[in-house]
Amino acid sequence: MRQDDLTPMYRQWAAAKRDYPDVLLLFRMGDFYEMFDEDARVGSEALGLTLTARKHSGDNRIPMCGVPHHALDRYLRRLVEKGFRAAICEQVEDPREAKGLVRRKVTRVITPGTLMEDELLQGQEHNFLLSLAIVGETAGVAVVDVSTGDFLVTELSCRAQEESSGKPVAELLPDRPAADSRFAAVADEIARLQPAEMLIPEELVNERWVSEAVARGGSASLTPVATDDLEFRSPAQQLSEFFGVESLRGFGCEDLPAAQSAAAQALRYLQRNRMDALPHLTGLATYSTEQFMVVDAATRRNLELVRTLRDNSREGSLLALLDRTLTPMGARLLRQWLLQPLLEVDRIRRRSDAVEALVRDGVMADALRQSLRGVRDLERLINRTTAGTANARDLSALGVSLTALPAVREALMPGSAGTSGLLDELRDSLDTLGDLATLIAGAIAEEPPVTVTEGGLMRDGYSPELDELRDAMAHGREWVAGLQSQERARTGIESLKIGFNKVFGYYLEVSRSNLQLVPPDYQRKQTLVNAERFITPGLKEMEEKILGAEEKAQDLEYELFTALRREVAQQAERVLATARTVARLDALLSLARVAVEYDYVKPTVEETAVLDIRDGRHPVVERALVNEAFVPNDVLMDCEHRQLMVVTGPNMAGKSTYLRQAALICLMAQIGSFVPAREARIGVVDRIFTRVGASDDLATGQSTFMVEMTETANILHNATDRSLIVLDEIGRGTSTFDGLSIAWAVAEYLVRKIGAKTLFATHYHHLNELTEVLPRVINARIAVKEQGEDIVFLRKIVAGGTDRSYGIQVARLAGLPQEVIERAREVLRSLEQEDLGRTVGPSQEAARKVAPTVQLKLFEAAPDPVVAELLKLDLDTLTPVEALMRLKELQDEAQKRKD
Ligand code: ADP
């Protein structure tokens, strides 16, 4: 570039930068994308590039750094990973043809939620842009995956909840303001979707529930949007226009204004950022969160559905176990199924019938598996095609994938074992796209290059004009090759060579020692140390022909290729429909494969409140055991007689495993999977709640106990009599009496007020007394055998409670020194005696009316006036939580008086 170009070019850069002040601007110059000024400082730091400087006017220099154009995607990925956004400013005319300064334009802005570039994406997961809009008391949520074309909308209520009669446990805690529960459902949905980026009304950006929801769902990058965006057309009009439809009725969201706002907001954002290549969005799909079991973030984490608790890795999760999919769209769908189990018995059965058909007919399953192996990521390939960013390899991959489809269909033809309703439907609706496969196969060369401008893309025979040009090139090259021996013979120079370089074109090279033999028609072109290079008029003439043909061929190929790409893009809708069918087949096949391999059974799913699992196993733990066999266990629960099960047993006995396996089996049944059991009858549950273990939530910086209570409050607020609740060691994060009191109160509330099936693991064996005061409570324990001073874990669940905790035996097993163990025994004995002494007292009879744990609390609280006050209350009319709150108030008062 000439020096005097600098200033206008800098002006061009500054103009582009004005439009994109908040993102890094990557400015194409020749073979590089350059950053200037502040961008260069930030960018060089983030990417580890050398910072240089460039003169932009007079003696002024500005910082500059750049990345080579072929490595752009790699650098973009690093930027995105580090949370940066970048605008790509391209040269939009051929520099060879430009008069003066090459025109440049920002063609796309890279943000975490708008990625299409394969390099930047993970195949197994969706990359969602989530858009949130609030209209009145309704939240609209839209999610787009521009790489696959999925565009979904839903609405959720954010009306203030009516005061429920019982106060949530969390309110017992002094320093916590009542959380903004209006957005609980929205927060759950955000956490479930785990978006990469979230568009959010700017006035909500700093709300606490937003940061909590984002933290629960991974780490979305937040993009605030102004709600008073100047836009004349209504959201509905914007959407109808974009999709070219009369009304939004066909999408099922004509009466959902909040959903429309959210979708239109997402669309505007995409139009602004992906201006070069708006992805292929065929329409909106409206979904209702009511169709699905709610799997909130706590449950997803506690049950280790997609990541493990220990190291947050995929390996060891339920998803990793169940995922035997063969295509990326199958993998994405299976993940979605897992996080959105179904509620309708019919839909569940349709899936499990299909899985059953594939389990029964191994031949069909094998054939299907074979045929699916050839299918690549159809969704992302076709979307790049529509966006105009697909290269010849992408089209070729698409074409090859399509040729696998007839075999997919063939595999599903009814054999001796029969198929299922769903499989038949999927087979019949599968468009095998033969026309498109033929078109691509006949057009794209065998192994095309990555670049689309340097030829070699199209197959011989596809275009007569191209064939002619290629002939001319081939003929010319042959002629040049022949020239070498011809000239050697003519001149007698044995070492004469013909070569080619970009600057001089074809030349004849003669070494210095042979220069005297050079004939007069050779024209000198270049002198090297040991040789000279010459040309002849004949050679130059041929060179022009060859290079002319080559250039023409490249241009023509590019034209042919882009025309083909447009033609293929026209069929995008068909390809996407096929991709979805393939995804479903793949996911079903994966479930069947696992069922066969691990010996699962088909559960009976029904519209009752029964949970009846015979010889159930924990799907992940049973695979992890190496030296021992997994001991199967039954679960039998319902809402009439066996609603709340208190599970006791020493640490390490297998309580958590037992609880989780019940929840996992339920969840697996409701995605249509087979389950690890001998037999299972599953009444559909609307939600699985879990409160498991005590682990500090480092991500949000809350204390263990706080997290535990927040999760518990959430359960008490949202559970219904159709829910399944798993509570593991609740109350552990605080003092014994507090913990026990809370655990007791929670259990009572669940039985009296909610009626949800609940599995309650605890090491407080006092909780076994619940059976004496509450209906529908049963005790169970994990059996251990005492052998002298040791215990042996039998892993078997048996009826009845425990009266001791074996903590000391477990400590012994863990290898604590004998001296410490002995001392612990002593201390325990004296504590037990003290405990007995304490239950004797004058107010005992009156205090019986309260739950035993509150009694303990009372005696602990001691000062008589408090007890006296409390006993004046009509305790039968209070819930334990209310009683506890009242107690706390009284205690505080007493404390104040004392001070
Ligand atoms: P707890 O919750 O009672 O402390 P866990 O459920 O964490 O105990 O179980 C501890 C370990 O015992 C598990 O990691 C697993 O290896 C083993 N275990 C649990 N249940 C079984 C079972 N049914 N069969 C075999 N091993 C089991």
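First listed ligand is number 1; within each ligand, the first listed atom is number 1. Any value given below was found using the heavy atoms of this structure, including those in side chains, with hydrogens, waters and symmetry copies removed.
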**Item:** K655 side chain to G649 backbone, donor-acceptor under 3.5 Å
**Value:** yes
**Request:** Report yes if S656 has an N/O atom closer than 3.5 Å to an N/O atom of ligand 1; otherwise report no.
**Result:** yes
**Prompt:** Considering only the protein, which heavy-atom contact is closest to atom 6 (O) of ligand 1, and what is its distance?
**Reply:** T657 OG1, 2.5 Å
**Prompt:** How far is atom 23 (N) of ligand 1 from its nearest protein heavy atom, and which residue and atom name does that atom have?
**Reply:** V631 O, 2.8 Å
**Complete:** For atom 26 (N) of ligand 1, the closest protein heavy atom turns out to be R795 NE, 3.3 Å
**Request:** Around atom 15 (C) of ligand 1, find the nearest protein heavy atom and jot down its residue, atom name and distance.
**Result:** V621 CG1, 4.0 Å
**Prompt:** N/O to N/O below 3.5 Å, does that happen between D728 and ligand 1?
**Reply:** no
**Message:** Just to check, does G649 reach to within less than 4.0 Å of ligand 1 when the distance is taken from its heavy atoms?
**Reply:** no
**Request:** Start with the C-alpha gap between L591 and R351, add the side-chain angles, then the distance that decides, and say whether side chain to side chain contact (heavy atoms under 4.5 Å, CB included) holds.
**Result:** CA-CA 10 Å; L591 294 178; R351 275 197 206 157; 5.8 Å; no
**Backbone of L319 reached by a side-chain donor or acceptor of D323 within 3.5 Å** = no
**Message:** Need the ligand 1 atom indices (1-based, order shown) with element for anything under 4.0 Å from a heavy-atom of P650.
**Reply:** 3 (O)
**Request:** From the options V295, L318, I688, select the one residue that forms a side-chain contact (heavy atoms from CB on, under 4.5 Å) with R300.
**Result:** V295
**Complete:** atom 25 (C) of ligand 1 sits nearest the protein heavy atom L625 CD1, 3.5 Å
**Request:** May I ask you to check if ligand 1 and A629 share an N or O to N or O distance below 3.5 Å?
**Result:** no
**Message:** Between K602 and D353 (salt bridge meaning N to carboxylate O under 4.0 Å), is one present in this structure?
**Reply:** yes
**Asked** Of the options R614, H618, Q661, which is the one that meets N633 in a side-chain contact (heavy atoms from CB on, under 4.5 Å)?
**Response** Q661
**Asked** Which atom names give the shortest non-hydrogen contact between N779 and G801, and what distance separates them?
**Response** CB-N, 3.7 Å
**Request:** May I ask you to check whether G654 has an N/O atom sitting below 3.5 Å from an N/O atom of ligand 1?
**Result:** yes
**Message:** Is there a polar contact, in the sense of an N or O pair closer than 3.5 Å, between E628 and ligand 1?
**Reply:** no
**Asked** Between D615 and R617, is the closest basic N to carboxylate O distance under 4.0 Å?
**Response** no
**Request:** Check V646, T648, N768, V647 against R781 for a side-chain contact (heavy atoms from CB on, under 4.5 Å) and give me the one that passes.
**Result:** T648
**Item:** Nitrogen or oxygen atoms of A653 and ligand 1 under 3.5 Å apart
**Value:** yes
**Fill in**
min-distance protein heavy atom vs atom 3 (O) of ligand 1 -> K655 N, 2.8 Å
**Message:** Among all protein heavy atoms in this structure, tell me which lies nearest to atom 4 (O) of ligand 1, with the distance rounded to 0.1 Å.
**Reply:** M652 N, 2.7 Å
**Asked** Are any of the protein's heavy atoms under 4.0 angstrom from atom 1 (P) of ligand 1, yes or no?
**Response** yes
**Request:** Inspect the contact between E607 and R722 and indicate whether a charged nitrogen and a carboxylate oxygen are less than 4.0 angstrom apart.
**Result:** yes
